[in-house]
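Notes for the one structure printed next.
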Amino acid sequence: MKIKLIIFLSISILLAVVGGSYLLIMSERRLADFDYLIMLHEVEILRNQLLLSVRTVEADLYSQRSRIPAGVDEIVGHVSKMESTMKSCFECHHEESVNARLYDLDDQVGDFSHSLSRILTLQANSKRYQAEVEKAHIIADSLVSKINTMIILTGTKLNEKTEISLRNVARTKLIMVVLVAAGPLMIAILGLTALAGFTKPIKVLLEATRKMKTGNLDIRTAGLKNEFAELGQAFDDMAISLQKHTRIIEESEQRYRHLFESAADAIFILSAEENTAGNILQANQAAARMHGYTVEELMTMNIRDLDTPEAALGVPIRIDRMLRGERIRTQINHLKRDGTVFPVEVSASIFEVGNKKYILAIDRDITERKQTENALQRAQQIRVAGEMATGLAHEIKNPLAGIKAAMEMLSRETYFPEEDRMVLNKAIDEIKRIEYLMKSLLNFARPPKPQLVRTDVNAVLETVLGSVLKDPAYARDASRAIDIQKNYDLHLPAVMADPMQLQQIFMNLLLNAADAMPGGGTLALETMFDRGPGMLQIKISDTGTGVDAAVINNIFQPFFTTKAKGTGLGLAITKRLVEENDGQISIESKANGGAMFIITLPALQEGELQA
Ligand code: ADP
C-alpha cells in the first residue's frame, strides 16, 4: 500500500511538472510569436515612414517648380530624416533575401540623396538641373515602388504570421483548457484508484467484523494485499482463536447442561437479589417432572409457589442464612401442580456471577425414602408387638385362663348375692378383653399364612354383612339407624385370596364404620372391576365423623387409636392382611364428611391356575 501511495504521488507530481513545463514552453512560444508580430508591425511602420520620407522629399522636389518652393534646409532635413529612417531599417534582424533588398533600397536612397544635393547645387545650369530632377523623380518613383512592394510583402507576411499566431494561440488555449480540465480529472481518477486501494480492504475488514459481531466466526478475509493482507491474517487468526475458545466454552456448557438436564434431582437457579429473591431463573426437566409443571412455567414462578404454606414461611429465613454463607440442608414439603404434598430434601447455597448473587438449590424427592422409613418403623413395631405378644401369651395366657375359669365357676355359685355375681361377670368380661387383645396382637405379629383360593369378593362381603348386622353396633334401634347401600359389580371377576382373611378385613372396616357413626348414617359398599390394570376395587364408605390429615397419616400404624377402649390394631392388621393377599388399601376423607376405604386386589386372569 505504501508503494501504491508513492506511485500515486510520483505520477501526480510528474503530471504536474510535465503539464506545467508544457504550458510554460507554449506560453514562451506564443510570446515569441507576438514579439515577432510586433517586430513585423514595427517593420511595416518603418517602411511606411520611409515611404512617407521619400514622398516628402519628392514633394519637396515638386515644390521647386511651384511658387512656394521648399527651402534648402527643409529639404536637407527631410533627406536626412529619409536616410536615418532607411538606416533604422537595418536595426532589425532580417533574412538574407530581405537584407539584400534593404541594401538595394539603401543604395537607391543614397542615389536619391545625391541626386537631390546635385539638384540643389545645379540650379544655375537649368539643363543639367532638369536632367537631374528627372533622374531624381525616376529614383523616387522606383523607391516608392520598391518600398510599396516591401510594405506589401511585409503586410502579407504580417497577415500570415498573425493568422498562424492566432491559430497557435487558439491551439495553446485549447491545450491549456484540456490540461486544466484533464489534470484534476486524471488526479481525481488516480486518487480514486488509490483510495479504492484503501477503502476496499477496509470494507472487507469491516464486513468481516460485522459478521463476527453476529456470532459468525467462520468468516475469513480474502483478497487483501500488502499491509492489509497482514491485518487480514491477524484478523483471521483472531477469529480462529475466538472460534477455538468459543468451542471449548460451548463444549463445557454442553457438558454442564447435560449434567443439569440428566440429573434425577430437581435443580433450580434462583434469584438472591433483594426484590426478586426466590424467583426461579432456571429449572431442569427433573424439576418440571417432579412438580407437574413445564420448565417454562416454572421459570415464571417463585420457589415459594412450590412450597407448602408452612414451608414457604421459612423461605426468607433460609435465604438469609445462605446470604450469610451457610449451606442449607433441610427437609420440607413441596406441592405438585395437582396439590399433592410430597417431601423433599433441599440442599442450597449462594453463588455469585459478576456482581449478582444466585441460589443453587437441589431438591430430592424423598417420598420413597420416607415410605421405606415408615415401612421399617412398622416392621420394627410389628417385631416388638410380636415379641410382646409371644411373651405375653407365654406368661399371661395360662394364668389368665385359670383366673377366668375360677371366676366363671364362682359366678355360677348360687349362694353369691346378685350384686357380687355382676362384679364377677364384669371381671370375666375384662379378662375376655385381655384375651382378645392378646389374640389380636398375635394375629398382627404373626398372621397365619394366607390360604389362597378362588374367591368371590361380593359373596364374602355379603357373608360379613350378614354376621355384622347382628352385632350390637348395627342392630337396629331408632336412635342410631344405619342405612346400608350396596352397589356390587355383578360381573366381578374372582380373586385369588384367603376368604377367612378377607372376612376379617371387611369385618374390621364395617365395625369401624359403625363406630364412626354413633348417631346413625349410611354405610355404602361398592365393588367394581378396572379392566386396564386388571384390578378389583372394593370401596367401603360411611357418613361418620371422617378423618383429618393427622389421623390419615397414622391410621394404619399399630396402636394408633382415638377410641377410649380401642386397641389401635384393627387397621394395622387389616393392612397387613390386604398386603398378604397381594392387595393394597388406602383411605380418603370424603368431602361431605365420612371416610372411604379403598381396597384393590388383582383379578384372577383367564386361564390362571385355579385353586
Ligand atoms: P381401634 O378401632 O381399636 O381404634 P383401628 O386400627 O381399627 O383401632 O382404628 C384406628 C383409628 O382409626 C380409630 O381409633 C379411629 O380414630 C380411626 N378410624 C378407623 N375407621 C374409621 C372410620 N370409618 N371413620 C373415622 N375414623 C376411623
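Only this structure's heavy atoms are used, side chains among them; waters, hydrogens and symmetry mates stay out.
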Residue list, side chain to side chain donor-acceptor pair (under 3.5 Å) with [X], at least two apart or on another chain:
X: Glu580; result: none
X: Arg327; result: Ser347, Ser349
X: Lys563; result: Asn512, Asp515

Which atom names give the shortest non-hydrogen contact between [X] and [Y], and what distance separates them?
X: Ile219; Y: Asn216; answer: CG2-O, 3.3 Å
X: Ile319; Y: Ala277; answer: CD1-CB, 3.9 Å
X: Ile350; Y: Ala272; answer: CD1-CB, 3.7 Å
X: Ala222; Y: Val204; answer: O-CG1, 4.2 Å
X: Leu571; Y: Phe556; answer: O-CD2, 3.7 Å
X: Ala266; Y: Met290; answer: N-CE, 3.7 Å

Would [X] and [Y] pass as an ion pair if we require N to O under 4.0 Å?
X: Asp307; Y: Arg318; answer: yes
X: Glu250; Y: Arg247; answer: no
X: Lys575; Y: Glu579; answer: yes
X: Arg364; Y: Asp265; answer: yes

Evaluate whether atom [atom1] of [X] has more than 12 neighbouring non-hydrogen atoms of other residues, nucleotides or ligands under 6.0 angstrom away.
X: Lys211; atom1: NZ; value: no
X: Met422; atom1: CE; value: no
X: Lys590; atom1: NZ; value: yes
X: Glu261; atom1: CD; value: yes

[Y] side chain reached by [X] side chain, heavy atoms, under 4.5 Å:
X: Thr367; Y: Pro343; value: yes
X: Leu335; Y: Thr340; value: no
X: Ile598; Y: Glu588; value: yes

What side-chain donor-acceptor pairs closer than 3.5 Å can you find for residues 491-500, not counting sequence neighbours?
| residue | atom | partner | partner atom | Å |
| --- | --- | --- | --- | --- |
| Asp498 | OD1 | Met500 | N | 3.0 |
| Asp498 | OD1 | Gln501 | N | 3.3 |
| Asp498 | OD2 | Gln451 | N | 2.7 |

> Who are the ring-ring contact (aromatic ring centres under 6.0 Å, His included) partners of Phe559, not counting sequence neighbours?
Replying inline: none

>> Holding to ring-ring contact (aromatic ring centres under 6.0 Å, His included), I want the full list of residues that pass it with Tyr293, two or more places apart in sequence or in another chain.
In response: none

> For residues Asn508 and Gln504, is any side-chain donor paired with an opposing acceptor at under 3.5 Å?
Replying inline: no

> When you check the side-chain N and O atoms of Asp218 and Gln243, is any donor under 3.5 Å from an acceptor?
Replying inline: yes

So, the side chain of [X] versus the backbone of [Y]: is there a donor-acceptor pair under 3.5 Å, distance only?
X: Thr567; Y: Leu569; answer: yes
X: Asn302; Y: Asp305; answer: no
X: Thr246; Y: Leu242; answer: yes
X: Thr209; Y: Leu205; answer: yes
X: Asn284; Y: Ala287; answer: yes
X: Arg220; Y: Leu217; answer: yes
X: Ser271; Y: Asn279; answer: no

> Applying side chain to side chain donor-acceptor pair (under 3.5 Å), which residue pairs with at least one partner in residues 457-469 are found, sequence neighbours left out?
Replying inline: Asn458-Thr527, Glu462-Lys486, Glu462-Tyr488

> Please, which pairs that meet salt bridge (Lys or Arg N to Asp or Glu O under 4.0 Å) have at least one residue in residues 338-354, sequence neighbours excluded?
Replying inline: Arg329-Glu345, Glu345-Arg369

> How would you list all residue pairs meeting ring-ring contact (aromatic ring centres under 6.0 Å, His included) that involve residues 340-374, not counting sequence neighbours?
Replying inline: His291-Phe342, Phe351-Tyr358

> ring-ring contact (aromatic ring centres under 6.0 Å, His included): which pairs involve residues 499-551, sequence neighbours left out?
Replying inline: none

> Once you round to the nearest 0.5 Å, how far does CG of Leu306 lie from CG of Asp363?
Replying inline: 8.5 Å

What pairs of donor and acceptor atoms, side-chain ones from residues 427-437 against any protein atom, are under 3.5 angstrom apart with sequence neighbours left out?
| residue | atom | partner | partner atom | Å |
| --- | --- | --- | --- | --- |
| Arg433 | NH1 | Lys565 | O | 3.1 |
| Glu435 | OE1 | Lys404 | NZ | 3.0 |

Listed pairs under 3.5 Å, donor-acceptor, residues 534-543 side chains, sequence neighbours left out:
| residue | atom | partner | partner atom | Å |
| --- | --- | --- | --- | --- |
| Asp542 | OD1 | Gly544 | N | 2.9 |
| Asp542 | OD1 | Ala595 | N | 3.2 |
| Thr543 | OG1 | Thr522 | N | 2.9 |

> Hey, mind stepping through Glu413 and Arg421 against salt bridge (Lys or Arg N to Asp or Glu O under 4.0 Å) and telling me if it holds?
Replying inline: CA-CA 9 Å; Glu413 288 298 332; Arg421 215 190 329 270; over 6 Å; no

